[in-house]
Q: 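Below is the structure I would like to discuss, written out as structure tokens.
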Amino acid sequence: MRAMVLEQNAAPIEAAPLVLRDLPVPEPGAGELRVKVSVCALCRTDLHVIEGDLPPLRRPLVPGHQAVGVVDALGAGCAKLRVGQRVGIAWLAETDGTCLYCRRGRENLCPNSRYMGYHRDGGYAEFATVREDYAYELPDELGDDVAVSPLLCAGLIGYRAMLRASVPAGGRLLLIGFGSSAHVVMQVALHRGYRVFVVTRGEGHRRLAEEMGAAWTGPDFAGLPEKADGAILFAPSGSLVPPTLESLDRGGILALAGIYMSDVPGLNYQRHLFHDREIRSVEANTRAEGRQLLAEATAARVRPRTTTYPLSEANEALLEMKRSAIDGTGVLVLR
């Protein structure tokens, strides 16, 4: 099978570290599916893995964790899904199911969790294996494979961040950064009746946010028309935490949506945290939240904006994403 492989140590995406290789088709183990991948959406986390912001765990590695395809083979013991069924593969690949957090329904915090495209080979390949109980059934109503793929991480993390921000009914949601995740979650937020404000430096990103229904957009916080009830910081810059907190109304909550972020500067209690303002981090998601998102995205008729690339152009596509040159989500097409 064809696959884009990270063979060496971490390197900037500018150095084109992914290499197109012909690998053996993987065999599904007990309780696993083999999926014939049709598309795999790009994610900032892929960059963090490739460039070494996350500690390297295995080499060689096939990145990717927003894959859509059809079940191609069933391992021993699989009984829920069938060959030919469309499924999605997301970031969360495995938890132990027995730890304190799993027992509390917070499997996203499992200390023994494993992830696609990091611990396991992922979706930048023609075939991938995944545990049956971690694959998502994808109804036709969600759209075609390209449109569905961004929901599997960009959508999931944005959705969980929105839940963590706890915006009240009819409230105001501030999004900082308007890449893949933000443009998906905004559609769900608007369907919920929130007013959405967007701060993003890219003129094209602001234009897209306005086209999609943002109540206000700006390159910085200066022109924000009013304070927000909740905010999601998508940009991995800790320096944006203080001005975001200042943009929150009393009782407002800031959700930090990234798996990686630069250091947060010192905070002033009165300016940034008083009046019951909060900061909440976001780590992965639970499978229950994933199913919630897919149901709500179906009801809201969420349709991500996408730009497609052939598998062989993964390096170039990731570089465009790094430079914020993609409006919406980049998606690798394998067939």
Side-chain angles (χ1 to χ4, degrees), residues 43-45 47-48 53 150 153-168 171-190 192 194-268 271-273 277-283 304-305 321-329:
C43 179
R44 286 272 173 184
T45 302
L47 274 179
H48 295 318
D53 296 322
C153 185
L156 280 173
I157 294 302
Y159 185 74
R160 187 163 203 281
M162 185 179 68
L163 298 179
R164 296 279 284 163
S166 298
V167 178
R172 302 154 295 179
L173 175 64
L174 172 62
L175 306 179
I176 302 91
F178 200 72
S180 179
S181 192
H183 99 285
V184 172
V185 77
M186 188 173 91
Q187 296 179 62
V188 179
L190 292 173
R192 286 186 167 203
Y194 299 161
R195 293 181 65 214
V196 180
F197 307 140
V198 175
V199 171
T200 185
R201 290 180 299 182
E203 184 179 347
H205 289 182
R206 292 197 299 275
R207 186 166 54 248
L208 177 59
E210 291 163 6
E211 290 174 4
M212 297 181 74
W216 174 88
T217 69
D220 53 44
F221 299 88
L224 194 65
E226 55 187 301
K227 291 185 180 292
D229 300 297
I232 305 173
L233 177 55
F234 291 103
S237 174
S239 65
L240 294 173
V241 169
T244 304
L245 288 169
E246 290 186 65
S247 301
L248 290 177
D249 207 347
R250 293 170 178 240
I253 297 171
L254 166 59
L256 308 178
I259 193 172
Y260 169 83
M261 180 170 287
S262 60
D263 289 345
V264 177
L267 300 176
N268 177 277
R271 286 171 55 196
H272 301 126
L273 296 172
R277 284 174 288 189
E278 298 180 36
I279 303 173
R280 296 178 178 177
S281 65
V282 175
E283 181 175 355
R305 305 290 180 95
M321 182 180 69
K322 183 177 181 178
R323 293 174 173 171
S324 298
I326 302 174
D327 288 336
T329 305

Q: Just by distance, do the side chain of S181 and the backbone of G158 share a donor-acceptor pair under 3.5 Å?
A: yes
Q: I need the Q187 CD to R305 CZ distance, nearest 0.5 Å.
A: 7.5 Å
Q: Give the C-alpha distance, both sets of side-chain angles, the deciding distance and a yes or no for side-chain contact (heavy atoms from CB on, under 4.5 Å) between D229 and Y194.
A: CA-CA 10 Å; D229 300 297; Y194 299 161; over 6 Å; no
Q: If you compare all heavy atoms of F234 against all heavy atoms of A257, which two are closest, and at what distance to 0.1 Å?
A: CD2-CB, 3.8 Å
Q: Once rounded to the nearest 0.5 Å, what's the spacing between atom OG1 of T244 and atom CG of L175?
A: 11.0 Å
Q: Give the minimum heavy-atom separation between V196 and A189, together with the two atoms involved.
A: CG2-CB, 4.0 Å
Q: If you draw a 6.0 Å radius around CZ in R280, do more than 12 non-hydrogen atoms from other residues or ligands fall strictly inside?
A: yes
Q: Can you tell me how far the CZ atom of R44 sits from the SG atom of C153, to the nearest 0.5 Å?
A: 12.5 Å
Q: What are the two closest non-hydrogen atoms of D327 and G204, and how far apart are they?
A: OD1-C, 3.8 Å
Q: Does the side-chain contact (heavy atoms from CB on, under 4.5 Å) test come out yes or no for V198 and M186, once each step is laid out?
A: CA-CA 10 Å; V198 175; M186 188 173 91; 4.3 Å; yes
Q: What residue among R207, H205, E210, E203 forms side-chain hydrogen bond (donor to acceptor under 3.5 Å, both in side chains) with T217?
A: E210
Q: Within the 4.5 Å heavy-atom criterion, are P265 and P242 side-chain neighbours or not?
A: yes
Q: For a 4.5 angstrom cut-off between non-hydrogen side-chain atoms, does V241 reach M261?
A: yes
Q: Only one of K227, R172, R277 passes side-chain hydrogen bond (donor to acceptor under 3.5 Å, both in side chains) with D249; say which it is.
A: R172
Q: For side-chain contact (heavy atoms from CB on, under 4.5 Å), just list the numbers for I279 and L273, CA-CA rounded to whole Å, side-chain angles, deciding distance to a tenth of an Å, and then say yes or no.
A: CA-CA 9 Å; I279 303 173; L273 296 172; 4.3 Å; yes
Q: Fit a plane to each ring of F197 and W216, take the angle between them on a 0 to 90° scale, and name the class: parallel (under 30°), tilted (30 to 60°) or perpendicular (over 60°).
A: perpendicular
Q: Which heavy atom in S247 sits nearest to a heavy atom in L174, and how many Å separate them?
A: CB-CD2, 3.9 Å
Q: Roughly how far, to the nearest 0.5 Å, is CZ of R160 from CD1 of I232?
A: 12.0 Å
Q: So if I apply the side chain to side chain contact (heavy atoms under 4.5 Å, CB included) rule between L233 and each of L245, L254, V282, which one comes out positive?
A: L254
Q: Rounded to the nearest 0.5 Å, what separates atom CD1 in I259 from atom CG in D53?
A: 10.0 Å
Q: With side-chain contact (heavy atoms from CB on, under 4.5 Å) as the test, would you mind laying out the steps for F221 and L240 before giving the verdict?
A: CA-CA 10 Å; F221 299 88; L240 294 173; 4.3 Å; yes
Q: Can you tell me how far the CZ atom of R164 sits from the CG atom of L256, to the nearest 0.5 Å?
A: 9.5 Å
